[in-house]
Amino acid sequence: LMGEHGKFNAKRWAYDPVLRVPMLVRYPRLVTEGSVREQMVLNIDVAPTLLELAEVEPLIPIHGQSFVSLLQNADSPWRQAFLAEYFLEKVSPRERPWKAVRTERWKYIEYTEEGIPAELYDLQADPKEEHNLIDQPEQQTNVEALQNQLNDLLKETN
């Protein structure tokens with residue numbers, strides 16, 4: 001972050017300037033030059049993808065999923081949400097731990113310490129995440145759905 005949300009540090013926040021980083025892939029046998037995919041690919045997807053391209057089975061279970069199908073076809077079914085987390089660390093003790101779920105349209109951020117309010121953003125209407133909708137009564141259904149989705153994603157990681 002370079003001033004967005006009043007913050008000036010790197011990978012310690014749940015906002016899109018931190019979480020959403022472009023990925024470039026060059027693999028002429030599979031990727032058409034200039035092609036673009038908008039799906040949410042995560043860093044944990046790189047290893048399964050490389051293993052599939054090398055036709056190698058992982059020796060142990062690994063997180064993530066191969067995105068070879070996305071490289072082959074932009075319309076391939078893909079994840080609809082992902083979990084992001086930050087834990088307290090000695091290097092930056094003032095930054096609060098959080099967990100978040102991001103979908104194509106929504107982001108819900110929950111801080112793990114009491115007294116810090118959650119955040120909800122409609123990324124279509126507010127791509128810069130400047131208007132927290134968490135207290136809007138009409139958004140409570142979205143909040144509950146995203147809380148459930150966050151809890152489901154957390155269970156998958158255990």
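Note that the structure is predicted; figures quoted are calculated from it, not measured.
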Just how far is it from atom CZ of Arg26 to atom CD of Glu33, taken to the nearest 0.5 Å?
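Going from the CZ atom of Arg26 to the CD atom of Glu33 covers 8.5 Å.
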Looking at [X] and [Y], would you say the former's side chain and the latter's main chain have a donor-acceptor pair under 3.5 Å?
X	Y	result
Lys155	Leu150	no
Asn148	Glu144	yes
Glu104	Met40	no

Side-chain donor-acceptor contact under 3.5 Å, [X] with [Y]:
X	Y	answer
Tyr108	Gln147	yes
Gln149	Asp152	no
Tyr15	Glu130	no

Go through it in stages, so that I can follow the logic: the residues are Leu123 and Arg102, the test is side chain to side chain contact (heavy atoms under 4.5 Å, CB included), and I'd like the CA-CA distance, side-chain angles, deciding distance and then a yes or no.
CA-CA 9 Å; Leu123 300 171; Arg102 188 194 193 284; 3.5 Å; yes
Pairing of [X] and [Y] as salt bridge, 4.0 angstrom limit:
X	Y	result
Arg79	Asp45	yes
Lys99	Glu85	no
Lys107	Asp16	yes

Heavy atoms, side chains only, cut-off 4.5 Å: are Glu129 and Pro17 in contact?
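In short, these two side chains touch, coming nearer than 4.5 Å.
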Would you call Tyr86 and Ile109 a side-chain contact if the rule is heavy atoms closer than 4.5 Å?
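No, every pair of side-chain atoms sits at 4.5 Å or beyond.
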CZ (Arg105) with more than 12 external heavy atoms under 6.0 Å:
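Counting other residues, nucleotides and ligands, CZ of Arg105 exceeds 12 neighbours.
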If you count every heavy atom of other residues, nucleotides or ligands that lies below 6.0 Å from Gln124 atom CD, does the total exceed 12?
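Enclosed.
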Give the C-alpha distance, both sets of side-chain angles, the deciding distance and a yes or no for side chain to side chain contact (heavy atoms under 4.5 Å, CB included) between Trp106 and Asn142.
CA-CA 9 Å; Trp106 298 96; Asn142 282 332; 3.1 Å; yes
Going by side-chain heavy atoms closer than 4.5 Å, which hydrophobic residues are tied to Leu30, directly or by a chain of links?
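Besides Leu30, the hydrophobic cluster comprises Met23, Val25, Tyr27, Val31, Val41, Val46, Leu50, Leu53, Phe67, Val68, Leu70, Leu71, Trp78, listed by chain and residue number.
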